[in-house]
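Some notes on the structure that comes next.
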Amino acid sequence: MSASTPLPRTEDVGSRSGIPLDRREEWARLSEHRDRFGATHLRGLFADDPARADRYTLGVGGLHVDYSKNLVTDETLRLLAELADATGVATLRDAMLRGDHINLTEDRAVLHTALRAPRSAVIRENGHDVVPEVHRVLERMAAFAERVRARTWLGHTGKPVTRVVNIGIGGSDLGPAMAYEALRPHTDRGLEFRFVSNVDGTDLHEALVDADPGRTLFVVASKTFTTIETVTNAEAARDWLLSGLGEEAGSDAIAKHFVAVSTNADEVAKFGIDTANMFEFWDWVGGRYSYDSAIGLSLMVALGPERFREMLAGFHLMDTHFATAPAERNLPFLLGLLGVWYGGFFDAQSHAVLPYSHYMSKFTAYLQQLDMESNGKSVQRDGRPVNWQTGPVVWGTPGTNGQHAYFQLLHQGTRFVPADLIGFARPAPDLPEGLVPQHDLLMANLFAQGQALAFGRTSAEVAAEGVPADLVPHRTFPGNRPTTTILAGQLDPSVLGQLVALYEHKVFVQGAVWNINSFDQWGVQLGKVLAKRVEPALTEGTEVPDLDPSTAALVRHYRDLRGR
Ligand SMILES: O=P(O)(O)OC[C@H]1O[C@H](O)[C@H](O)[C@@H](O)[C@@H]1O
């Protein structure tokens, strides 16, 4: 889109009218409702309505989601659904799913849902059905993955590749790295996987320090293939390979030890990777929505094509639910609207995602990009500033570890932090017998935390336990801290796909209500530009014009410390 082309009007792509969110009557009704809601306590809500847990639980695919411990009533949910309706969430959803260019500032379609569509689907982008291409690339990925898994993908010296090093950052790292970790029991344990993202050379160093160049395969994953961290690490990896195999190994070694995943064939070729070894995706896939595209190549090698496809089917199941279920029984709508309620009317600044699964240790970091890069915006789709809170700070680590670190603040601090608790009924399939009983202990903690956060412990209850009067306030738990519990049978590829799609669509719903473009990320540009300007000052002492006094002094001090 040229700079002079006007952006499509907001009403063309969703929002029913140009009325700002905070001037809508549906918003005003929620605001009045919030005033009436006051300090209504979850204890009272459950006492008044014992059936609440049943009514506020929804099962979709393999997920069982209990949202009853949220600060909502039927009226809240009705008013939120009316807000979703008035802001055109479903209209924008339909526009996204059919390939309209809802990413206004980049004039792009947003079609990650096409990545997991069945072969029979027809989804057009600019009039062209993208589904056959999606499946063509999936088949190429599968053929490649099978060769590595069968140990028939041989390196330059004739040895099979056994270590796969994914080089990528942001959306080209977080998804595959997270899913690899989450699905470890389903991976080929005879292969080793490393995910290198940071431009800090220590990241690559640690991935290669014990590697055999003859057995190492690099997957360079970058949508643009211009990202400085990835290109720098890929060049260093190439140097490492050639110094290990001998410079004369040259292009044959590159061809056997490097594959690329990108939308940019020109840059891939410039780097020296044969485009026959390139796995393609498209500009209608956002980086943070891309790990089910060819960006998941390393993951597919780890899992095998069949399990990768099970994961895609899990995504698709949630896509179908999102596309078809009525708003009041639609999980992404519900979870998205709860966040709108807390951000808009409870001043929630953050949202904790707390998986009770050590394999999910990278899940929240993955969601940070998904949510915060999508909805960390402060202008509306037409460029006017927003006058309401948009995306929260998303944070969290696996339970039970977090309980011994920051849960104190969740229980007794002054901040209001809604949280998602995620757990799985069955332990990992290959967990040794002796460790299986620990799983119930893990899950008991999940349930206990949801209970403690919701219901707390009153001062009367504490006093009745014989606690001395001066300690009672310290040992009282106010409760009324909302959680949503997501329970699944087992952490398997399908369930992971369902979970990720649930959060993708939740983020979508929120962006639609807030009337922001969830699909660009201009906010990451400035730092990149400035880093390029500052680097010569660090290395060569070059004067950087217009450097502010604080940064200039830091640069001087850095050079002193480096002895330059
Ligand atoms: O895949 P790439 O083009 O290398 O981009 C990697 C990442 O870097 C950018 O700065 C964006 O903020 C991310 O959305 C993107 O996922």
Side-chain angles (χ1 to χ4, degrees), residues 102-106 108-112 115 137 141 165-180 195-200 203-204 218-238 258-271 273 275 278-299 362-363 365-378 391 393-394 500 503-504 507-508 511 516-533 535:
I102 66 162
N103 176 357
L104 301 177
T105 61
E106 296 177 319
R108 285 179 182 166
V110 176
L111 273 180
H112 43 278
L115 298 169
V137 174
M141 290 166 64
V165 180
N166 189 86
I167 299 180
I169 197 165
S172 300
D173 166 73
L174 289 162
M178 174 279 289
Y180 169 71
F195 293 86
V196 173
S197 54
N198 203 322
V199 77
D200 183 341
D203 198 5
L204 185 64
F218 294 97
V219 176
V220 186
S222 174
K223 180 174 170 181
T224 56
F225 229 77
T226 55
T227 305
I228 190 86
E229 290 90 337
T230 301
V231 172
T232 305
N233 276 326
E235 284 169 355
R238 187 176 53 192
F258 274 86
V259 299
V261 180
S262 190
T263 59
N264 191 343
D266 290 347
E267 288 296 327
V268 169
K270 260 193 234 162
F271 181 87
I273 298 178
T275 45
M278 169 176 153
F279 298 83
E280 194 190 0
F281 66 115
W282 308 272
D283 73 0
W284 42 261
V285 183
R288 53 193 173 274
Y289 298 88
S290 69
Y291 98 76
D292 46 344
S293 72
I295 288 292
L297 184 65
S298 305
L299 177 67
K362 294 188 174 167
F363 188 66
Y366 168 78
L367 290 185
Q368 284 181 323
Q369 187 199 16
L370 175 64
D371 198 321
M372 294 163 79
E373 203 171 66
S374 295
N375 286 343
K377 309 282 164 66
S378 51
V393 175
V394 175
V500 172
Y503 279 97
E504 284 178 350
V507 166
F508 175 91
I516 55 180
N517 179 8
S518 301
F519 301 102
D520 60 12
Q521 58 285 318
W522 300 103
V524 302
Q525 295 304 325
L526 179 61
K528 290 185 190 176
V529 172
L530 295 183
K532 266 199 190 135
R533 285 183 58 210
E535 194 194 358

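Remember, it's 1-based here, ligands and their atoms both numbered in the order they're listed.
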* Can Gln369 be said to touch ligand 1, with heavy atoms closer than 4.0 Å? -> yes
* Run the numbers for me: atoms of ligand 1, each under 4.0 Å from some heavy atom of Val524, listed by number. => 10 (O), 12 (O)
* Does Arg238 reach the main-chain N or O of Phe271 with its side chain, forming a donor-acceptor pair under 3.5 Å? -> yes
* Structure fact -> When distances are taken from atom 12 (O) of ligand 1, the protein heavy atom at minimum range is Glu373 OE2, 2.6 Å
* Structure fact -> Numbered in order shown, the ligand 1 atoms found under 4.0 Å of a heavy atom of Ser172 are 1 (O), 2 (P)
* To do: Look only at the side chain of Gln369 and the backbone of Gly171, and say whether a donor-acceptor pair between them is shorter than 3.5 Å.
  => yes
* Structure fact -> Sequence neighbours excluded, the answer for side-chain hydrogen bond (donor to acceptor under 3.5 Å, both in side chains) partners of Lys528 is none
* Asked: Between the main-chain N or O of Asn198 and the side-chain N or O of Glu229, is there a donor-acceptor pair closer than 3.5 Å?
  -> no
* **Identity and separation of the nearest protein heavy atom to atom 7 (C) of ligand 1** => Ile169 O, 3.7 Å
* Structure fact -> If you compare Thr227, Val220, Thr224 by their heavy atoms, the one closest to atom 5 (O) of ligand 1 turns out to be Thr227
* Asked: Which heavy atom of the protein is the closest neighbour of atom 16 (O) of ligand 1, given with residue, atom name and distance?
  -> Gly171 N, 2.8 Å
* Asked: Does Asp203 have any side-chain hydrogen bond (donor to acceptor under 3.5 Å, both in side chains) partners at least two apart in sequence or in another chain, and if so, which?
  -> none
* Asked: Judging by distance only, is a nitrogen or oxygen of Gln521 under 3.5 angstrom from one on ligand 1?
  -> no
* Can you check whether Phe508 and Tyr289 have ring centres sitting under 6.0 Å from each other? -> no
* To do: State if Lys528 counts as touching ligand 1 under the rule of any non-hydrogen atom under 4.0 Å.
  => yes
* Asked: Counting each atom of ligand 1 from 1 as listed, which ones have a heavy atom of Ser222 under 4.0 Å away?
  -> 1 (O), 2 (P), 3 (O), 4 (O)
* To do: Could you tell me if the ring centre of Tyr366 sits under 6.0 Å from that of Tyr503?
  => no
